[in-house]
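Comments concern the structure below.
No experiment lies behind these values; they were computed from the predicted model shown. Chain A is the first sequence line, chain B the second, and so forth, proteins listed ahead of strands; every chain is numbered from 1.
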Amino acid sequence: MSTRTRFAPSPTGYLHVGGARTALFSWLHARKHGGRFILRIEDTDIERSTIESVNAILEGMTWLGLEYDEGPIYQTERFDRYKEVIQQLLDSGDAYRCYCTKEELERMRAEQMGRKEKPRYNGCCRPGAEPREGVNPVIRFRNPVEGAVIVDDLVRGKIVFNNSELDDLIIARSDGTPTYNLTVVVDDLDMGVTHVIRGDDHINNTPRQINILKALGAELPQYAHVPMILGDDGKRLSKRHGAVSVMQYREDGFLPEALLNYLVRLGWSYGDRELFSLDEMISLFDIKDVNKAASTFNSEKLLWLNHQYIMNSDPAHVAHHLSYQMGRLDIDPVDGPELVEVVKVQRERTKTLVEMAQNSAFFYRDFDCYDEKAARKNLKPAAVEALADMLDAFKALPDWSSEAIHKVVVETAELRELKLGKIAQPLRVAVAGGPVSPPIDITLELLGRERTVQRIERAIAWIEAQGTAV
RNA sequence: GCUCCCAUCGUCUAGCGGUCCAGGACGUCGCCCUCUCACGGCGAAAACAGGGGUUCGAGUCCCCUUGGGAGUACCA
């Protein structure tokens with residue numbers, strides 16, 4: 001049977017990095033084995049599910065490039081099928097109606113906890129209960145009492161659960177809607193899922209699901225429970241830890257492939273390798289090699305990876321993503337140099353696209369004011385002469401190239417008997433507004449003669465104005 | 001409480017009984033390069049949670065302790 005995997009989020013929020021990694025593992029497994037990857041939306045909890053969340057998840061998957069072969073399949077559209085299976089279970093005696101009220105169940109739990117027992121349903125309606133006035137029954141699965149369920153997990157190995165530890169779980173609420181453990185089983189079965197790859201917070205659900213599958217006479221899929229991702233404090237990753245939404249990483253200037261690369265290395269490795277292209281991930285990844293222990297999300301390393309991808313990816317590709325950030329700054333790339341050229345000169349000095357956009361804004365529009373510290377240090381009266389020299393030279397330059405510009409800067413330094421830094425830095429602040437930019441000759445070449453001239457004039461005027469103001 | 005899971009540098013990890021006075025990466029700290037910021041190069045500090053076994057030999061296998069995590073819903 002050909003491999004079929006799925007990612008089945010419940011739409012109660014955005015796609016977070018933990019879910020994204022589970023989806024990635026599942027996607028990789030399908031791709032590696034030439035199988036199919038299914039997206040299923042588990043929206044049976046109508047109270048908590050929202051269409052916004054569905055869209056956010058879809059958007060996240062798209063940005064990451066985790067394309068699905070089937071779906072999205074919505075569970076809310078499959079209620080008839082679930083009802084059919086529930087009826088089947090009822091008919092075969094593997095399920096029964098339970099008339100206990102929520103209040104009774106709560107009391108039962110409280111008493112059990114008081115006796116330091118594991119809280120579980122006591123099975124009072126199991127032998128068959130009489131309908132009660134005013135009580136809409138729930139339907140429970142009749143879990144085997146004897147024996148044990150052995151989960152042969154691809155990442156955990158064998159896990160044994162005694163049936164005596166399990167109780168009769170509810171598969172249909174009193175309003176008739178199916179619950180999670182039932183829908184997962186039916187869906188995975190109907191969709192022919194061969195490998196259930198999911199977070200290890202589902203381990204405890206697995207034996208129950210296996211029992212239902214067995215009652216249905218179905219063949220079991222392979223299970224792989226991947227460890228969770230923790231925040232810096234060792235607790236399960238959540239909003240408290242900062243950016244957890246996949247789309248927030250786009251906002252923060254990350255390349256999707258950098259995030260993917262970071263995620264795949266969290267709980268998985270291939271020797272000493274750190275960098276993996278998508279194709280390499282597909283060929284090298286093996287779900288069996290995934291670690292058992294939970295791992296902590298480390299933003300610093302993600303930043304490093306992002307920088308690696310910014311530096312080593314095709315500049316045109318980076319430029320494409322950079323344009324999004326430029327848009328957020330209200331910059332239209334037609335107002336300055338080609339974005340690709342900007343990427344080429346900025347990529348080794350910025351770790352995120354946000355940073356790159358901010359540090360490159362001066363190529364496209366005038367800045368409002370100088371960086372205070374840099375101006376104080378570099379835009380001093382002593383710099384005026386050299387700036388004026390270069391201004392004249394630049395105006396007269398027949399050829400506006402970095403080589404010619406470089407020559408002017410060097411010659412001015414020699415003429416004024418100053419170190420290159422004493423010349424280049426004031427010039428840099430004058431044209432870029434701050435102390436950081438690519439090499440000055442390249443910066444000016446990209447900026448263009450017109451803007452260079454204007455900005456040097458502006459700087460000279462500014463310095464002189466400072467002098468008279470004090 | 002009960003059930004299940006986990007445990008190598010601060011973090012991600014290599015290690016699948018001897019080749020480990022434990023290797024790589026991020027980060028940190030030095031030095032070099034340098035017109036700024038970076039890139040890059042070189043180097044340093046930094047870990048087998050503890051205790052019992054098994055074995056000629058244990059980071060690697062078993063048990064216990066400790067510490068973490070998950071589940072324990074008419075949520076998923």
Sort out the partner of [N] for me: Watson-Crick or G-U wobble, both distances under 3.5 Å, none otherwise.
N	result
C48(B)	none
C21(B)	none
G43(B)	C29(B)
C9(B)	none
A58(B)	none
G1(B)	U72(B)
U36(B)	none

Just wondering, are more than 12 heavy atoms of other shown residues or ligands nearer than 6.0 Å to [atom1] in [X]?
X	atom1	value
Gln87(A)	CD	yes
Lys377(A)	NZ	no
Tyr74(A)	OH	yes

As a test of the definition: with a 90° window around 0 for syn, would you call C4(B) syn or anti?
anti
Give me the one residue out of Asn205(A), Val185(A), Val149(A), Ile150(A) that meets side chain to side chain contact (heavy atoms under 4.5 Å, CB included) with Ile210(A).
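Single side chain to side chain contact (heavy atoms under 4.5 Å, CB included) partner of Ile210(A) among Asn205(A), Val185(A), Val149(A), Ile150(A): Val149(A).
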Just by protein heavy atoms under 4.0 Å, how would nucleotides 31-47 of chain B read 5' to 3' in B, S and -?
----BBBBS--------
Met113(A) or Ile159(A): which one's nearest nucleotide on RNA chain B is closer to the 5' end?
Met113(A)
Between Arg120(A) and Glu165(A), name the one whose nearest nucleotide on RNA chain B is closer to the 5' end.
Glu165(A)
How is Tyr262(A) classified with respect to the nucleic acid when contacts are heavy atoms under 4.0 Å: base, sugar-phosphate, or nothing?
nothing
When we call it a touch if two heavy atoms are under 4.0 Å apart, what does Gly114(A) touch: a base, just sugar-phosphate, or nothing?
nothing
When you measure from the side-chain N and O atoms of Lys301(A) to the phosphate of U11(B), is any distance below 4.0 Å, counting only OP1 and OP2?
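Negative; the distance criterion is not met.
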Are side-chain heavy atoms of [X] and [Y] found at a separation under 4.5 Å?
X	Y	value
Pro435(A)	Gln425(A)	yes
Lys407(A)	Ser402(A)	no
Val145(A)	Arg126(A)	yes
Tyr96(A)	Asp168(A)	yes

In whole Å, measure the gap between the P atoms of A44(B) and U65(B) for me.
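These two P atoms come out 42 Å apart once rounded.
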For the C1' atoms, the ones on U19(B) and on G43(B), what distance do you get once it is rounded to whole angstrom?
26 Å
Which class fits the ring pair Tyr249(A) and Phe254(A): parallel under 30°, tilted 30 to 60°, perpendicular over 60°?
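Because their plane-to-plane angle is over 60°, the rings of Tyr249(A) and Phe254(A) count as perpendicular.
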Anything under 30° is parallel, anything over 60° is perpendicular, the rest tilted; go ahead and classify Phe394(A) against Trp400(A).
perpendicular
Out of C4(B), A14(B), C2(B), minimum distance to the side chain of Phe161(A) belongs to C4(B)
Quick one: which of C2(B), A25(B), U13(B) gets closest to the side chain of Glu274(A)?
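The closest nucleotide is A25(B).
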Could you list all N or O pairs between the protein and nucleotides 74-76 of chain B that sit under 3.5 Å apart?
residue : atom : partner   : partner atom : Å
C74(B)  : O2   : Ser174(A) : N            : 2.9
C74(B)  : O2   : Ser174(A) : OG           : 2.9
C74(B)  : N3   : Ser174(A) : OG           : 2.9
C75(B)  : OP1  : Arg173(A) : NE           : 3.2
C75(B)  : OP2  : Arg173(A) : NE           : 2.1
C75(B)  : OP2  : Arg173(A) : NH2          : 2.8
C75(B)  : O3'  : Arg173(A) : NH2          : 3.0
C75(B)  : O2'  : Asp45(A)  : OD2          : 2.6
C75(B)  : O2'  : Arg48(A)  : NH2          : 3.2
C75(B)  : O2   : Arg48(A)  : NH2          : 3.0
A76(B)  : OP1  : Thr44(A)  : OG1          : 2.8
A76(B)  : OP1  : Arg173(A) : NH2          : 2.3
A76(B)  : OP2  : Arg173(A) : NH2          : 3.3
A76(B)  : OP2  : Tyr180(A) : N            : 3.0
A76(B)  : O3'  : Glu42(A)  : O            : 3.4
A76(B)  : O3'  : Glu42(A)  : OE1          : 3.2
A76(B)  : O2'  : Ser10(A)  : OG           : 3.2
A76(B)  : N6   : Asn205(A) : OD1          : 3.3
A76(B)  : N6   : Asn205(A) : ND2          : 3.2
A76(B)  : N1   : Asn205(A) : ND2          : 3.3

